[in-house]
There are 2 protein chains.
Amino acid sequence: MEYLVENRVLVATDCIIFGFDGEELKLLLIKRNFEPEKGKWSLMGGFLRADEDLEVGAKRILHELTGLENVYMEQLQTFGEVNRDPAERTVSVCFFALINIHEHDAELARSRNGYWLSLKERPKLIFDHDRMVELALQRLRYKAALHPIGFELLPEKFTIPQLQRLYEAIYDSPFDRRNFSRKILSTKLLKDTGEKNEHGVTKKAVLYRLDQERYQKQFNAFLHFMSDF
Amino acid sequence: MEYLVENRVLVATDCIIFGFDGEELKLLLIKRNFEPEKGKWSLMGGFLRADEDLEVGAKRILHELTGLENVYMEQLQTFGEVNRDPAERTVSVCFFALINIHEHDAELARSRNGYWLSLKERPKLIFDHDRMVELALQRLRYKAALHPIGFELLPEKFTIPQLQRLYEAIYDSPFDRRNFSRKILSTKLLKDTGEKNEHGVTKKAVLYRLDQERYQKQFNAFLHFMSDF
DNA sequence: GCCCAATCGTGTCAAAACAACACAATAATT
DNA sequence: AATTATTGTGTTGTTTTGACACGATTGGGC
């Protein structure tokens with residue numbers, strides 16, 4: 001059987017790719033050297049193929065720009081206003097990704113005209129991509145407050161002060177160093193590697209790594225946040 | 001200009017419609033008297049029209065079954081596995097809605113073969129609709145813990161014990177009556193109507209209504225939940 | 001070699017939030 | 001009038017939070 005509907009539309013995927021350079025949040029954006037909107041900035045995107053699951057398509061598109069696989073990626077929302085793309089009606093399913101900025105294939109990204117730009121000082125993007133970024137940031141803030149998601153943006157070994165700088169970048173507000181440390185350590189998600197950060201210019205901070213076992217277990221344990229309502 | 005892609009697909013919308021009868025959570029489901037999967041149970045759905053924004057389409061589909069407008073509705077997620085619909089590739093953008101079960105047009109729903117079924121004891125649904133419901137429940141639990149969203153499922157005037165029964169249904173676990181009441185009242189979101197619930201068979205509970213002004217203000221104030229991370 | 005400045009790690013303490021629990025008030029039923 | 005089910009409010013000890021202080025470590029300048 002077949003549906004008797006002629007309203008088929010293009011389905012695209014756009015990726016909001018977050019990175020952290022130790023100082024601020026960054027976005028991997030495209031300086032378009034192709035139409036439409038050539039010369040302007042946009043998110044990395046592409047069309048869904050006929051034989052491709054949605055998530056597979058999104059991962060393909062991320063891989064085409066970064067060379068990465070096994071990245072933290074989450075569906076954000078679908079944007080489907082009639083005129084969001086002036087060329088032709090296109091429904092865009094957005095994903096956001098958190099990557100370790102030092103692990104991606106920088107040459108590949110550059111060959112696709114990808115650049116890491118500051119989230120706070122990013123240029124205006126095409127179509128409704130600004131709204132997508134806004135929503136992704138909101139979701140990141142939401143999620144990072146309840147789930148141990150921030151680690152995806154850091155290298156394998158990291159210090160608590162580094163983690164704090166990341167959270168301060170995410171929420172754009174300062175935290176008390178002592179309370180932050182206490183709260184993080186109380187989750188028992190970190191394992192002391194015994195090493196210290198050799199890049200430190202003063203007292204060297206202890207390097208931790210994620211306790212993968214606890215991480216997997218606790219990730220969806222958010223319901224503990226509300227025994228009574 | 002036009003895109004040179006021939007991979008256009010059908011875009012559908014499916015609605016997960018929650019209701020609360022005072023005892024348990026209900027879903028408004030369709031007993032299909034049309035193909036495909038005639039005779040089986042499914043969510044309410046439909047195809048997106050060419051001239052229709054995504055949200056507009058979802059609201060139209062909800063309206064076709066319930067007669068309601070201005071309903072609490074939120075985009076859930078988009079499902080796009082290649083073979084999720086055996087008839088033809090269809091990408092489904094899911095929405096979930098919270099409605100006051102006593103306000104919808106019951107005759108209209110019945111004429112479309114819509115029935116309110118217990119969430120916990122619902123039948124198996126077609127395609128990937130079970131996964132959609134699972135995800136919607138998870139999202140509802142998530143959201144209701146942080147935002148004052150439960151009121152959407154109750155009548156305009158309601159008692160605190162009613163509200164508690166709702167939350168117990170959502171989280172499928174009992175709460176302490178005294179702590180619950182204290183916590184709800186501390187939000188200052190409820191206004192005492194001065195009336196009492198005349199249906200009570202013993203001591204009659206006080207009827208409250210939402211303080212709309214505070215409700216609008218506080219709805220997105222969740223960031224207060226984490227001054228320090 | 002010693003002091004200085006910057007950063008890191010841990011500790012204290014009062015206030016607020018939470019969880020467990022007790023008791024009195026109300027209304028229909030007997 | 002006693003009984004039973006339910007509602008409203010209060011108490012108390014424990015845990016968590018937020019604000020803040022101090023000592024330890026490291027590299028660089030003198």
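Within every chain, numbering begins at 1; the chains are lettered A, B, ... in the order of the sequence lines, protein sequences first and strands thereafter. Owing to the predicted nature of the structure, the values given are computational and were not obtained by experimental measurement.
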Could you tell me how the ring of A:Phe158 sits relative to the ring of A:Phe151: parallel (under 30°), tilted (30 to 60°) or perpendicular (over 60°)?
tilted

Counting the benzene-type ring for Trp, do A:Phe127 and A:Phe79 have ring centres under 6.0 Å apart?
no

Separation of A:Asp14 CG from A:Thr78 OG1 (nearest 0.5 Å):
10.5 Å

Tell me: CZ of A:Phe180 to P of D:dT16, nearest whole Å?
18 Å

In whole angstroms, the gap separating P of D:dG8 from CD of B:Gln164 amounts to 11 Å

Could you give the NZ-to-P distance, from B:Lys196 to C:dA25, as a whole number of Å?
13 Å

Rounded distance in Å - CZ (A:Phe175) to P (D:dC20)
17 Å

Plane angle bin for A:Phe175 and A:Phe180 - parallel if under 30°, tilted between 30 and 60°, otherwise perpendicular:
parallel

For the side chain of A:Lys203 and the base of C:dT7, is some donor closer than 3.5 Å to an acceptor across the two?
no

Whole-Å distance between C:dT26 P and B:Asn197 CG?
17 Å

Rounded distance in Å - CG (B:Leu163) to P (D:dG8):
12 Å

Shortest non-hydrogen pair, B:Glu156 vs B:Arg209, comes out as OE2-NH1, 2.5 Å

CD1 of A:Ile184 versus P of C:dC8: gap in Å, rounded?
15 Å

Short side-chain donor-acceptor distance under 3.5 Å, B:Glu168 and B:Gln164
yes

I want to confirm an ordering. Mapping B:Thr202 and A:Val201 to their closest nucleotides on DNA chain C, which one lands closer to the 5' end?
A:Val201

Atom CD of B:Glu195 to atom C1' of C:dT26: distance rounded to whole Å?
18 Å

Sequence-aligned protein contact record of nucleotides 10-17 of chain C, with B where the base is within under 4.0 Å of a protein heavy atom and S where only the sugar-phosphate is:
BB------

